[in-house]
Every structure is written in C-alpha cells, then in structure tokens.
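One structure is given below, encoded as structure tokens.
Residue numbers start from 1 in every chain, and the chains themselves are labelled A, B, ... in the order their sequence lines are given, proteins ahead of strands.
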Number of protein chains: 2
Amino acid sequence: MNSTELLKKHGLRLTKPRQAVLGRFQEKSGTAVSIKELMAVFSNEIDKVTLYRTLHTFEETQLIHRIYDDSGLEKYALCVGTCDTHTHDAHHNHAHVHFKCESCEQTECIADAELPVINLPNGYTSKSANFVVIGVCGKCS
Amino acid sequence: MNSTELLKKHGLRLTKPRQAVLGRFQEKSGTAVSIKELMAVFSNEIDKVTLYRTLHTFEETQLIHRIYDDSGLEKYALCVGTCDTHTHDAHHNHAHVHFKCESCEQTECIADAELPVINLPNGYTSKSANFVVIGVCGKCS
DNA sequence: GTTTATGCAAATTCTTTGCAATACT
DNA sequence: AGTATTGCAAAGAATTTGCATAAAC
C-alpha cells in the first residue's frame, strides 16, 4: 500500500510532511527510524516541530509504534502485519522483538521472533511490551 | 551486604552521596529507581549533577543496571544475583524481565521470569537485552 | 599530598506549547 | 468556508560540561 492510501485509511489528511515521513518509514520498513534521522533527512523541507507532531499523530493512529532501545531517543517503526489493519481492539499488538546493534546503532525488527509470553504474578495484567535485544548485527560482525 | 562493603568491593570511594543513593537502591531492591525520584528524595542533600554522575558511575561498575521503559527517563535497578559478584566477563547479564505499571508508574523486576532466549538471524550476536512488559500491577487492578 | 568527587553555574540537547499563517477537504 | 496542519519563536525538561572547592585515600 502506498503512503497516500495508508494515510487515507487512517483518517489522516494528505499533507506533504506526512507523505514524506511515511515514505521514509516505508523505505526503511523493518528498521526503526529515529527523530534525529528524520531531522537530518528532511532538515530543509520539514520543521522539527512538525516532525514531532507527525510522529505522535502516526503513533496515535497506530501507523507506527515506538521502540525504546538504549538510546533513549524517540524511535519508531512502521506497523506491519496485523498492524496493517487499522483495528483498535485489545489484541492489537505492536510487541515485536527488536534488535539494536551496538556498532552501527541501527534498531530493526526481528520478524521471525515471536514475543515470548511472560508469566506475571497474580493480579497483574499485560497490555504491551518492549523487548530489545542488544548486540552486534550480521553486517557489523 | 551493606552499602559500605558494596562500594568498597566495586573499588569506589566512600562518599556521602554514594552511600545515600546506594542505600536507597537497597531499600527499593526489586524496583526501578528513577533519577526524578532520587532528586525528590535527596533534593536538600545532593546536587542533581552529582546524582547523574553517581548513577553513571554505578552503572559502569555494574552496581546497577539501566532499564528502558516507556518513560524514556533514566531508571536503574540494583544488580542482584549473578550481578552481585563483580565479574566483568561476557556472561555478566542484567537481562531481567521488568514490569511497568501504567497506573502507578512503578517499574519492578519480575524475579520469577527468566529472560527468554531469542533466535537471532545468522551472524547476529546478543550481548544484553531490555524487556519491559507494560500493564497494570496487582496493587492497581 | 595526591587523587577523586562534589556543587554550582551555565551550556547543550531533546521535546513541547502558543499562535498566526497556510494548506487540506 | 471551515477545520486541521504547518512553521516559527520561545518555553520547558532532561542531561552534560567546566572549573574551583572540598573530601577521600
């Protein structure tokens, strides 16, 4: 699905910044995109405030999901698979496993890895999870 | 082990801020401590710069480990179990599973939960991992 | 006595807010 | 036309750096 269709499907207006940012996510599908990277790429076209707002809008509409790796920076990745359907039900799940390479600093989705189910203590309920494995990726080792 | 012994064992000088901070970690063992909390607790005794530096020193010497939950803030927890021995080998592992409660904002160690082993693609090596389950804890539900 | 840690001030980085101008439907 | 989005400036958090003073070994 192209960026225009995706934006429409999620009820968002078609603006230049949104199309540019979403396009970038699609190019880098499977890899986390940081706000820093977006600022560098679009420094001449898009204001940083717009980037922040665009990412937050995309996150709310579940076009993208945030990943918390050890950089502490805002990083997001495109929702794929089940996320592709714009469902807001309880089972909508962004809980992929991600891998952060210490060397090249890239964070990517490990598509094959199912998110393990953790046995929580009594009375605890799980809504989502953030699982990042840190190490060295294939290219860097 | 008391805070004095622990500091000595890790080759750190015995200073008032370090003893206070380490003491706090020991009181709250099993729970993540944020820098914000430390600032509030020790606002009259310890400068915030000292808090940052103390935490970073503790992290380097592997007294504590950082947890990346969805707050984005610096949070740490005391290293326990295997971490208690001041080993710097490759198997030193801080990879506990943590649980962040959406309601009370507390992040704690799930002691019972072993960190699952993820099947990485060929050529990838894992050094550590950050796994935070997000939901509602027993007290809040 | 020498080395290391602390505290203060100030700088940097990251993120958010307010508001007028502009673009989308 | 009417509503939502953008860009700029400026404010607000969070974190780091420099340096003189003070504390630990």
**Q.** Atom-to-atom span, CD of B:E59 to P of D:dT15 - whole angstrom
**A.** 12 Å
**Q.** Minimum-distance nucleotide (side-chain atoms of B:H56 versus D:dG7, D:dC19, D:dT16)
**A.** D:dT16
**Q.** Terminal contacting nucleotides, 5' and 3', DNA chain C versus chain B (heavy atom, 4.0 Å)
**A.** C:dT3 to C:dA9
Q | Spacing of B:M39 atom CE relative to D:dA14 atom P, expressed in whole Å | A | 8 Å
Q. Roughly how many Å is it from CG in B:D47 to P in D:dT21, rounded to a whole number?
A. 17 Å
Q) Are A:I46 and A:I35 connected in a single hydrophobic cluster, I mean Ile/Leu/Val/Met/Phe/Trp/Tyr linked by side-chain heavy atoms less than 4.5 Å apart? A) yes
Q.
As a quick check of understanding, evaluate side-chain contact (heavy atoms from CB on, under 4.5 Å) for A:R18 and A:T57, giving each step before the final call.
A. CA-CA 10 Å; A:R18 287 180 181 167; A:T57 302; 4.1 Å; yes
Q: Rounded off to whole Å, could you give me the CD1-to-C1' distance for the A:I46 and D:dT6 pair?
A: 10 Å
Q) What are the two closest non-hydrogen atoms of A:A77 and A:C109, and how far apart are they? A) CB-SG, 4.5 Å
Q: Determine whether the aromatic ring centres of B:Y124 and A:F99 lie less than 6.0 Å apart.
A: yes
Q) Any chance the side chains of B:E74 and B:Y68 put a donor and an acceptor closer than 3.5 Å? A) no
Q: Take atom CZ of B:R66 and atom P of D:dA14, then tell me their distance rounded to the nearest Å.
A: 13 Å
**Q.** Bending between helix ends of the helix from C:dG1-D:dC25 to C:dT25-D:dA1 [5 pairs per end, 10° resolution]
**A.** 40°
Q. Would B:E45 and B:K16 satisfy salt bridge (Lys or Arg N to Asp or Glu O under 4.0 Å), going step by step from the backbone distance to the final call?
A. CA-CA 9 Å; B:E45 308 164 50; B:K16 228 158 53 174; over 6 Å; no
Q. From the list D:dC8, D:dG18, D:dT16, which nucleotide is the closest neighbour of the side chain of B:E74?
A. D:dT16
Q) Between A:K100 and A:D70, is there a salt bridge with N-O shorter than 4.0 Å? A) yes
Q.
Please report the distance, rounded to the nearest Å, between CG in B:L55 and P in D:dA14.
A. 15 Å
Q.
Looking at A:K36, I'd like to know if its NZ atom is crowded, meaning that more than 12 non-hydrogen atoms belonging to other residues, nucleotides or ligands lie closer than 6.0 Å.
A. no
Q | Atom-to-atom span, OH of B:Y68 to P of D:dA14 - whole angstrom | A | 17 Å
Q) Can you tell which of D:dG18, D:dT6, D:dA14 lies closest to the side chain of A:T54? A) D:dT6
Q: By nearest nucleotide on DNA chain D, pick out whichever of B:G72 and B:K16 is the more 5' one.
A: B:G72
Q. Does a nitrogen or oxygen in the side chain of B:Y52 sit under 4.0 Å from OP1 or OP2 of D:dT16?
A. no
(Q) When you measure from the side-chain N and O atoms of A:T50 to the phosphate of D:dT5, is any distance below 4.0 Å, counting only OP1 and OP2? (A) no
Q.
Without decimals, in angstroms, what is the distance between B:Y76 OH and D:dA14 C1'?
A. 12 Å
Q) Would B:K75 and B:E37 pass as an ion pair if we require N to O under 4.0 Å? A) no
**Q.** Contact nearer the 5' end of DNA chain C, comparing A:I35 with B:T15
**A.** B:T15
Q. Is the closest side-chain heavy-atom distance between A:F42 and A:R24 below 4.5 Å?
A. yes
Q) If you pin B:K48 and B:R18 to their nearest nucleotides in DNA chain C, which one's is more 5'? A) B:R18
